[in-house]
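What follows is a short report on a single structure.
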Amino acid sequence: MKNNEGATIGTGQKLYKRAKRVIPGGNMLLSKKPEMFLPDQWPAYFSKAKGCKVWDLDGNEFIDMSIMGIGTNTLGYGHPEVDAAVMQTLSAGNMSTFNCPEEVYLAEKLIEMHPWADMVRLARSGGEANSVAIRIARAASGKDKVAICGYHGWHDWYLSANLGDDKSLDGHLLPGLEPKGVPRNLKGTVFPFNYNNFDEIEALVNTQDIGVIKMEVVRNSGPEVNFLHKVRKLATDRNIVLIFDECTSGFRETFGGLHKKYGVEPDMAMFGKALGNGYAITAIIGKRAVMEAAQSTFISSTFWTERIGPTAALKTLEVMEREKSWERITQTGRNIGERLRALAKKHDLPIKVHGIPALTNFGFPLRDALKYKTLITQEMLKKGILATTIIFVCTEHTPALVDQYFEALDPIFALIKECESGRSVDDLLEGPVCHAGFKRLN
Ligand code: PMP
């Protein structure tokens with residue numbers, strides 16, 4: 001500890017120091033590491049969350065204009081109707097020797113929303129749902145080799161893409177993921193391809209015995225020249241199982257999968273994140289011929305039978321459908337994107353705004369981009385706003401709050417412009433620069 005540091009740092013940072021002694025890496029999710037936001041200064045832990053507000057351990061209140069639980073809460077934190085449904089389940093009992101009926105209702109609802117699908121399995125995390133999908137798809141295709149595009153979780157099957165060449169997964173959301181502990185024998189089973197590069201995926205299919213293609217429908221920018229339709233046709237022609245990983249894209253632009261917007265139907269799709277509005281529930285949906293392969297392998301887990309997840313999902317879907325939440329968050333996200341561009345223009349700064357509107361991210365194509373990102377987080381935190389360069393929009397982000405966000409951001413863009421004109425950004429930063437991607441922490 002630096003001299004007298006204890007007197008100035010918040011309770012959250014003190015707890016995080018304790019955490020690093022007992023939890024390798026300090027926490028469970030890379031994206032919520034304080035170092036990803038503001039090393040040594042990020043409040044790190046919450047005592048309470050409601051709507052789009054979060055309170056830290058010292059009782060400070062913040063407006064969350066950042067990752068909103070990393071995309072879990074499109075209806076805001078602690079949605080009253082979802083919470084009430086969960087409370088009812090709690091008082092009736094969350095677990096028993098019998099199965100919960102909600103899993104059947106949820107499966108039926110997801111099929112109704114995606115008429116191309118006939119069957120559903122449920123899990124509790126996105127990575128798990130991805131592993132389940134890969135197992136079923138490999139069983140159905142009878143082949144080992146998978147082509148992927150995007151981020152699909154932490155499991156062996158996916159990280160094996162980095163065996164031998166640890167840059168394979170760069171550009172697929174998280175750079176630098178290390179595959180230590182992943183059996184070397186898995187090398188040559190997973191082949192990444194770049195989004196919108198049809199020649200690349202076609203060449204892969206021509207040279208490798210690919211049985212499964214798994215991809216995100218959209219990450220940073222949308223499909224060009226019928227990319228998704230071409231991948232669909234390729235998969236159909238070659239008898240390949242096509243999987244859309246909608247863990248992040250689902251429920252943000254359509255009621256269900258983003259693929260509905262593009263009119264392309266996969267053989268399987270996964271949902272996670274927003275499905276339970278903050279409660280743990282993920283789903284794998286698919287065509288009967290593929291999904292029935294689940295019967296020829298073993299996929300089974302104790303807590304996939306608890307009742308809170310499906311209860312929360314059913315109520316979340318009901319509220320989403322009634323409120324057309326995907327339209328509202330898209331509208332808000334579009335507005336945020338336009339205003340970011342306008343603000344950059346006002347300060348004569350170059351900016352790149354990406355992503356589906358309800359998941360807007362931006363960056364400055366400048367040498368000091370990471371320092372500027374850190375500066376934004378540092379200065380916005382002082383104004384009671386959690387902010388980075390990515391905004392997961394929720395229905396609680398009212399026009400007034402968006403105005404407040406931009407009022408706070410305006411002078412920071414001005415500061416960044418000053419730095420581009422010679423002022424030292426290092427002098428403005430009160431701590432270390434934030435991390436980008438995966439890094440070993442001590
Ligand atoms: N697939 C996609 C597309 C994701 O964005 C994520 C999470 N960022 C995952 C899978 C993994 O989900 P989880 O973190 O719940 O395991």
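Order of listing sets the numbers, starting from 1, for every ligand and every atom in it. Since the structure is predicted, the reported quantities are computational estimates derived from the model, not experimental observations.
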Query raised in the report: So Lys260 and His114, side-chain contact (heavy atoms from CB on, under 4.5 Å) or not? Walk me through it.
Result: CA-CA 8 Å; Lys260 288 164 79 171; His114 303 89; 3.9 Å; yes
Requested in this report: Taking only heavy atoms of Asn130 into account, list the atoms of ligand 1 that are under 4.0 Å away from them.
Outcome: 1 (N), 10 (C)
Report summary line: On a heavy-atom basis, the closest approach of Asn99 and Glu103 is CB-OE2, 3.8 Å
Query raised in the report: Is the CE atom of Met87 crowded by more than 12 outside heavy atoms at less than 6.0 Å?
Result: no
Query raised in the report: For ligand 1, which atoms, with element, lie under 4.0 Å from some heavy atom of Asp245?
Result: 1 (N), 2 (C), 3 (C), 10 (C)
Query raised in the report: Under 3.5 Å, is there a donor-acceptor pair linking the side chains of Asn130 and Arg135?
Result: no
Query raised in the report: If you count the atoms of ligand 1 from 1 in the order shown, which ones are under 4.0 Å from a heavy atom of Glu216?
Result: 3 (C)
Report task. Give the atoms of ligand 1, by number and element, whose distance to some non-hydrogen atom of Gly127 is under 4.0 Å. Result -> 11 (C), 12 (O), 13 (P), 16 (O)
Report task. Mark the output for Lys273 as yes if a heavy-atom distance to ligand 1 is under 4.0 Å, and as no if none is. Result -> yes
Query - Pair Glu306 + Arg124, salt bridge at N-O below 4.0 Å - result: yes
**Report entry** Considering all heavy atoms, the nearest Ala129-Ala283 contact
**Finding:** CB-O, 4.4 Å
**Report entry** Atoms of ligand 1 close to Thr248 [distance to a heavy atom under 4.0 angstrom, numbered from 1]
**Finding:** 4 (C), 5 (O)
Requested in this report: Measure Met270 to ligand 1 on non-hydrogen atoms and call it side chain, backbone, both or neither using the 4.0 Å cut-off.
Outcome: neither
Query raised in the report: Quick one: does Cys247 get an N or O within less than 3.5 Å of an N or O on ligand 1?
Result: no
Query raised in the report: Relative to ligand 1, is Tyr151 under 4.0 angstrom through side chain, backbone, both or neither, heavy atoms considered?
Result: both
Report task. Determine whether the aromatic ring centres of Phe255 and Trp326 lie less than 6.0 Å apart. Result -> yes
Query - Donor on one side chain, acceptor on other, Glu265 and His259, under 3.5 Å - result: no
Report summary line: With heavy atoms and a 4.0 Å threshold, my read on which part of Arg219 contacts ligand 1 is side chain
Requested in this report: Would you mind telling me if ligand 1 is within reach of the side chain of Ile70, the backbone, both or neither, using heavy atoms under 4.0 Å?
Outcome: neither
Query raised in the report: Should the proximity of Glu128 to ligand 1, defined as any heavy atom under 4.0 Å, be assigned to the side chain, the backbone, both, or neither?
Result: neither
